[in-house]
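One structure is given here, and the rest of the page talks about it.
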Amino acid sequence: MSSLQERDRNAVWHPFTQYQNAQPLIPVARAEGALLFSGDGKTYIDAISSWWVNVHGHAHPYIAEKIAAQAKILEQVIFAGFTHEPAVRLAERVLELLGPGFAKVFFSDDGSTSVEVALKMALQYWHNLDMPRKKIATFENAYHGDTFGAMAVGARGTFNRPFESLLFDVITIPVPVRGKENDSISALQRVLADDDVAAFIFEPLVQGAAGMVMYDEETLQELIRICAEKNVLTIADEVMTGFGRTGKMFATVSRDDEFDLRPDIICLSKGLTGGFLPMGLTVCTQEIFDAFISGDQQKTFFHGHSYTANPLACAAANASLDLFEKLETRENVFRISRRNTDFLEKNRNHPALADLRCCGTILAAEFKTGSETSYFNDLSVKAYAFFLEKGILLRPLGNIVYLMPPYCITEEQHEETLAAMEEFMNVIHR
Ligand SMILES: Cc1ncc(COP(=O)(O)O)c(C=O)c1O
């Protein structure tokens with residue numbers, strides 16, 4: 001019998017993997033809390049929540065039980081013409097969490113499809129009103145997923161070069177990082193002088209895949225305000241930032257926010273099901289929904305996936321929301337965020353770093369690299385191996401090494417990860 005790695009090599013094609021120089025795969029036998037246990041007896045702290053999804057820890061018994069119970073009642077049903085309680089409850093709860101202004105929840109499969117749905121909703125909204133608008137405004141260096149619409153509103157580059165000629169044009173504005181706030185605001189004002197802009201899509205407060213690029217809430221509110229003034233729809237892609245990542249439940253809204261500073265559409269996924277099952281949500285206002293109600297069939301939103309609102313994924317999401325209601329979860333988010341801030345204060349001037357930043361549970365160290373700062377920077381290979389050797393899973397984005405742990409990470413595991421980060425900073429500086 002050949003090893004799991006050999007069988008994998010013979011049968012599987014992994015994502016984001018260049019097979020010419022691929023490292024051996026780590027077979028994971030089981031996982032619990034923040035820990036992954038490999039088949040060869042090693043243990044890893046999953047300090048990136050397995051691609052940012054696993055918010056409450058692995059194999060959480062409560063979520064597992066709820067999925068198992070649901071599987072015995074209703075595992076799947078077509079979601080056109082039929083409905084079920086877990087989906088309705090989830091939609092009601094998400095609307096309640098998002099607060100005033102949001103009215104309808106559309107289900108899809110993952111982050112990319114939640115973005116596809118948002119873009120199609122926004123474009124068809126204008127089409128249905130007989131005021132067609134074709135342009136989408138985005139931030140520079142954005143990442144919204146790997147399907148075609150999501151790629152089109154993301155940065156052009158290595159990841160989508162073969163498809164570039166097929167991606168629709170978008171208008172980009174600078175990200176309002178510190179010192180560039182006014183550039184961003186005036187660029188948006190210029191862009192919106194053209195009345196063909198249907199929507200502005202953005203990753204609120206943190207651009208994840210771009211390298212955990214952070215900007216402040218006041219500027220974001222100003223950008224949303226400008227769009228509202230020009231009657232341009234705003235789409236907050238909270239696929240990564242949603243469910244506590246930035247220290248609060250959602251980056252763009254809290255229930256006390258001013259109503260008029262809210263986006264029109266919000267995309268959610270990743271932490272939604274606690275990292276158990278794939279699911280995406282696109283949440284919109286009543287005004288958008290109403291534009292699709294008509295005696296004219298052509299105004300229908302013709303979008304759906306086989307597994308739309310899968311009951312097992314809904315059960316996982318409902319269970320995950322139950323856990324968010326526990327004080328312990330909120331305390332954990334607070335504890336991680338506060339410790340990140342302490343780490344930042346202590347290390348912000350470390351000579352190995354060009355920048356150190358944090359936003360809630362996300363901590364990102366940007367290393368000085370001389371010239372090359374791309375995703376394919378050598379530093380990322382070095383850092384990945386360094387942390388794995390120490391039993392910590394991190395997946396740097398080029399010269400940016402970041403932590404985005406599950407909220408159940410223990411104080412000791414968090415300290416161990418931060419200590420390893422400091423050690424790596426010193427190794428690079430030497
Ligand atoms: C902000 C954002 N939007 C969309 C996506 C795409 O999500 P998925 O990988 O689930 O398709 C990602 C994935 O990292 C993301 O960070």
Side-chain angles (χ1 to χ4, degrees), residues 14-17 46 48-55 106-122 136-155 157-160 163 167 170 172 175 199-215 220 234-246 249-253 263 265-283 303 305 307-308 310 313 316-317 320 359-362 364 375 393-398 400 402-404:
H14 284 258
F16 288 92
T17 302
D46 184 353
I48 51 160
S49 305
S50 278
W51 255 338
W52 320 344
V53 299
N54 191 268
V55 285
F106 193 96
F107 291 81
S108 65
D109 295 350
D110 50 43
S112 301
T113 54
S114 73
V115 168
E116 295 290 337
V117 167
L119 295 170
K120 288 174 73 174
M121 237 178 220
I136 305 283
T138 72
F139 276 141
E140 287 165 2
N141 300 321
Y143 178 77
H144 296 286
D146 290 342
T147 51
F148 265 80
M151 280 196 293
V153 293
T158 311
F159 298 120
N160 49 41
F163 320 109
L167 302 179
V170 292
T172 53
V175 187
F200 168 47
I201 183 167
F202 53 87
E203 294 160 85
L205 307 189
V206 186
Q207 284 191 304
M212 303 301 149
V213 173
M214 299 176 189
Y215 60 95
L220 178 59
T234 40
I235 304 172
D237 177 353
E238 293 237 21
V239 166
M240 186 277 276
T241 53
F243 303 102
R245 275 298 166 209
T246 64
M249 195 62 170
F250 303 106
T252 28
V253 292
I265 300 176
I266 295 205
C267 303
L268 300 170
S269 187
K270 299 248 185 220
L272 170 66
T273 63
F276 270 67
L277 286 163
M279 171 170 268
L281 300 181
T282 308
V283 188
H303 188 107
H305 301 279
Y307 285 95
T308 297
N310 171 257
S320 174
C359 181
T361 66
I362 309 166
Y375 181 83
L393 168 60
L394 291 182
R395 202 181 147 86
L397 296 155
I400 289 122
Y402 69 91
L403 268 54
M404 203 190 291

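FYI, side chains are in, hydrogens and waters are out, and symmetry mates aren't considered; it's all heavy atoms of this structure. Atoms within a ligand are numbered from 1 in the order they appear, just like the ligands themselves.
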Near Gly111 (heavy-atom distance under 4.0 Å), the atoms of ligand 1 are 6 (C), 7 (O), 8 (P), 10 (O), 11 (O)
Review point. Closer than 4.0 angstrom: is that true for some heavy atom of Lys270 and an atom of ligand 1?
Key: yes
closest protein heavy atom to atom 12 (C) of ligand 1 is Tyr143 CE2, 3.6 Å
In ligand 1, the atoms that come under 4.0 Å of a heavy atom of Ser112 are 6 (C), 7 (O), 8 (P), 11 (O)
If you scan protein heavy atoms around atom 16 (O) of ligand 1, the nearest is Trp52 CZ3, 3.4 Å
*asked:* Looking at Glu203 and Phe139, would you say the former's side chain and the latter's main chain have a donor-acceptor pair under 3.5 Å?
replied: no
**Item:** Polar side-chain atom of Glu238 near backbone of Ala251 as donor-acceptor pair, under 3.5 Å
**Value:** yes
Original post:
Is there a donor-acceptor contact under 3.5 Å from the side chain of Ser49 to the main chain of Met404?
Top reply: yes
Can you tell me if Ser112 uses its side chain to pair, donor with acceptor, with the backbone of Asp146 under 3.5 Å?
yes
Using modelled atom types only, decide if a donor and an acceptor are shared between the side chain of Lys270 and the backbone of Thr241 within a distance under 3.5 Å. no
A student checking ligand 1 against Asp237 at a 4.0 Å heavy-atom cut-off should list atoms 1 (C), 2 (C), 3 (N), 4 (C)
**Prompt:** Does the pair Thr234 and Phe202 meet the rule for a side chain to side chain contact (heavy atoms under 4.5 Å, CB included), with working shown?
**Reply:** CA-CA 8 Å; Thr234 40; Phe202 53 87; 4.0 Å; yes
Residue, atom and distance of the protein heavy atom nearest atom 4 (C) of ligand 1 read His144 O, 3.1 Å
